[in-house]
Amino acid sequence: MLMEPLEKRFYSQPTLTLAKALLGCFLIKDTPIGTAAGMIVETEAYMGPDDRAAHSYGGRRTKRTEIMFGEPGVTYTYSMHTHCLFNVVSGEVGEPHAVLVRALEPFEGKELMAKRRPKAKNETQWTNGPGKLTKALGITMDDYGHPLDKSPLWIAKGIDIDPNNIASGARIGIQNSGEAVDYPWRFWIYGNKFVSPKTR
DNA sequence: TCGCCGATTGTCT
DNA sequence: GACAATCGGCGAA
């Protein structure tokens, strides 16, 4: 399959719309030892200033969140415990939104994924969680701040997802975020077995 | 500097 | 179902 990076303007759409539009797209990482790619099957939107669960809540601007205040379509990687999580910066300049990619369906470079995920018991465990997929694709903090239309880490248009097959619900792992806990800003392809295990 | 905490995962009971 | 791993960001001192 011939694939080209999604154009920069693809990322200039409302964050919740983008979070849904990313479902079905391919996330690809090129490295010296090969390429690994997967189809995005689960995302979460983080809506900046008004979202208590977001790192940029209240407009908090630090060295880490700075990248979200810039142009959309850039990577925002974040280290969590021993893991690295991958986000797509959303929202126009000055609007610090981001979309977290929580799960992928393996597509290319499965041998590499198996090698990078030695603890996985089966294929679904390669990429069915935000920390797992970054490990499987080889995404690290080195990818922070790079434009997604011209970097070793990029996104290509994938298959069209029927809106009726997109489910939504509360986000995961943000139980200390007050009223934001219940915002239905998590989206996934209904029935896809690579969606992360639900905790709520 | 110091101390705390987290958008997670894997292991053990 | 509980908890350790393990480290950088963040806020306080």
Side-chain angles (χ1 to χ4, degrees), chain A residues 15-16 18-20 22-23 27 29 36 38 40-70 72 74-91 95-106 113-146 148 153 155 167-188 193-200:
Chain A
T15 301
L16 292 177
L18 178 64
K20 284 181 276 194
L22 283 169
L23 295 174
L27 178 62
K29 175 70 192 271
I40 298 172
V41 299
E42 181 181 2
T43 61
E44 275 181 7
Y46 284 84
M47 308 282 278
D50 303 319
D51 180 1
R52 286 187 60 178
H55 294 151
S56 50
Y57 173 62
R60 192 166 47 138
R61 192 166 188 150
T62 65
K63 188 176 182 183
R64 177 175 67 153
T65 63
E66 181 64 29
I67 199 69
M68 286 193 280
F69 287 83
V74 175
T75 63
Y76 170 47
T77 46
Y78 160 62
S79 69
M80 169 64 179
H81 290 272
T82 59
H83 312 285
C84 178
L85 276 57
F86 167 74
N87 297 249
V88 175
V89 171
S90 177
E95 194 178 31
H97 293 183
V99 176
L100 169 70
V101 175
R102 289 192 58 87
L104 303 175
E105 176 172 330
M113 293 189 194
K115 191 190 231 175
R116 287 164 170 161
R117 297 278 302 125
K119 291 175 181 171
K121 294 187 179 64
N122 55 59
E123 288 195 22
T124 63
Q125 294 182 1
W126 290 347
T127 53
N128 69 343
K132 299 176 191 178
L133 71 89
T134 54
K135 199 91 193 305
L137 264 58
I139 297 171
T140 68
M141 287 304 289
D142 289 341
D143 292 300
Y144 177 93
H146 292 211
L148 283 160
L153 176 61
I155 295 177
S168 63
R171 292 171 294 177
I172 289 176
I174 55 164
Q175 59 280 0
N176 294 319
S177 303
E179 76 285 351
V181 171
D182 300 316
Y183 295 168
W185 292 346
R186 170 171 169 253
F187 305 97
W188 66 97
K193 68 176 181 179
F194 293 93
V195 170
S196 69
K198 297 178 177 61
T199 59
R200 292 171 57 87

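The sequence lines fix the lettering, A, B, ..., with proteins before strands; numbering per chain opens at 1.
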Rounded to whole Å, please give me the gap between OH in A:Tyr78 and P in B:dT9.
12 Å

Taken to the nearest 0.5 Å, the spacing of A:Thr124 OG1 from A:Phe194 CZ works out to 6.5 Å

Taking only residues two or more places apart in sequence or in another chain, which ones pass side chain to side chain donor-acceptor pair (under 3.5 Å) with A:Asn87?
none

Tell me which residues in residues 44-62 of chain A put a heavy atom below 4.0 Å from DNA chain B, sorted by number, or none.
A:Tyr46, A:Ala53, A:His55

Nearest-0.5 Å distance that lies between atom CZ in A:Arg116 and atom OG1 in A:Thr127
12.5 Å

Residues A:Val195, A:Arg186; criterion side chain to side chain contact (heavy atoms under 4.5 Å, CB included); working and verdict:
CA-CA 11 Å; A:Val195 170; A:Arg186 170 171 169 253; 3.9 Å; yes

Distance check needed: B:dT8 C1' versus A:Glu42 CD, whole Å only.
13 Å

Output the distance between atom CG (A:Leu85) and atom CE (A:Met141), rounded to the nearest 0.5 Å.
10.0 Å

Are side-chain heavy atoms of A:Leu104 and A:Trp126 found at a separation under 4.5 Å?
no

Taking heavy atoms of chain A and a 4.0 Å limit, find me the 5'-most and 3'-most nucleotide of DNA chain C within that range.
C:dA5 to C:dG11

To the nearest 0.5 Å, how far apart are CE in A:Met113 and CD in A:Gln125?
14.5 Å

Sub-3.5 Å pairs of nitrogen or oxygen atoms, protein against nucleotides 2-4 of chain B:
none

Reading 5' to 3' and counting Watson-Crick or G-U wobble pairs with both distances under 3.5 Å, write the dot-bracket notation for DNA chain B, | for bases paired outside the strand.
||||||.|||||.

Please enumerate all residues that pass side-chain contact (heavy atoms from CB on, under 4.5 Å) together with A:Thr140, with sequence neighbours excluded.
A:Asp142, A:Asp143

Where along residues 80-89 of chain A does a heavy atom fall under 4.0 Å from DNA chain B?
A:Met80, A:His81, A:His83, A:Leu85, A:Asn87

Ring-face cation contact, A:Tyr183 with A:Arg52, 6.0 Å cut, 45° max
no

Which part of the nucleic acid does A:Arg186 contact within heavy-atom distance under 4.0 Å: base, sugar-phosphate only, or nothing?
nothing

Look at all strands and tell whether A:Ile174 reaches a base, only sugar-phosphate, or nothing, counting heavy atoms closer than 4.0 Å.
sugar-phosphate

Ordered by number, residues from residues 122-132 of chain A within less than 4.0 Å of DNA chain B (heavy atoms) are A:Gly129, A:Pro130, A:Gly131, A:Lys132

Between A:Leu22 and A:Ile40 the two heavy atoms that sit nearest each other are O-CB, 3.4 Å

Is a side-chain N or O of A:Thr134 found less than 3.5 angstrom from the main chain of A:His83, in a donor-acceptor match?
no

Sorted by chain and residue number, the salt bridge (Lys or Arg N to Asp or Glu O under 4.0 Å) partners of A:Arg102 (sequence neighbours excluded) come out as A:Glu42, A:Glu44

Look up atom CG in A:Leu137 and atom CZ in A:Phe86, then write down how far apart they are to the nearest 0.5 Å.
9.5 Å

Contacts of A:Arg61 meeting salt bridge (Lys or Arg N to Asp or Glu O under 4.0 Å) (sequence neighbours excluded), chain-then-number -> A:Glu66

Taking side-chain contact (heavy atoms from CB on, under 4.5 Å) as the definition, give me every residue that meets it alongside A:Thr15, ordered by chain and number, with sequence neighbours left out.
A:Ala45, A:Met47, A:Ser90, A:His97, A:Val99

Non-neighbouring partners of A:Ser56 that pass side-chain contact (heavy atoms from CB on, under 4.5 Å), sequence neighbours left out:
A:Ala54, A:Met68, A:Pro96

Measuring from atom OG1 of A:Thr77 to atom CD1 of A:Ile139, what distance do you get when rounded to the nearest 0.5 angstrom?
9.0 Å

Any side-chain heavy atom of A:His55 sitting closer than 4.5 Å to one from A:Tyr46?
no

In whole Å, what is the span from the NZ atom of A:Lys119 to the P atom of B:dT9?
13 Å

Does B:dT8 have OP1 or OP2 sitting under 4.0 Å from an N or O in the side chain of A:Arg102?
yes

When you match A:Ala120 and A:Asn176 each to their closest nucleotide on DNA chain B, which lands nearer the 5' end?
A:Asn176

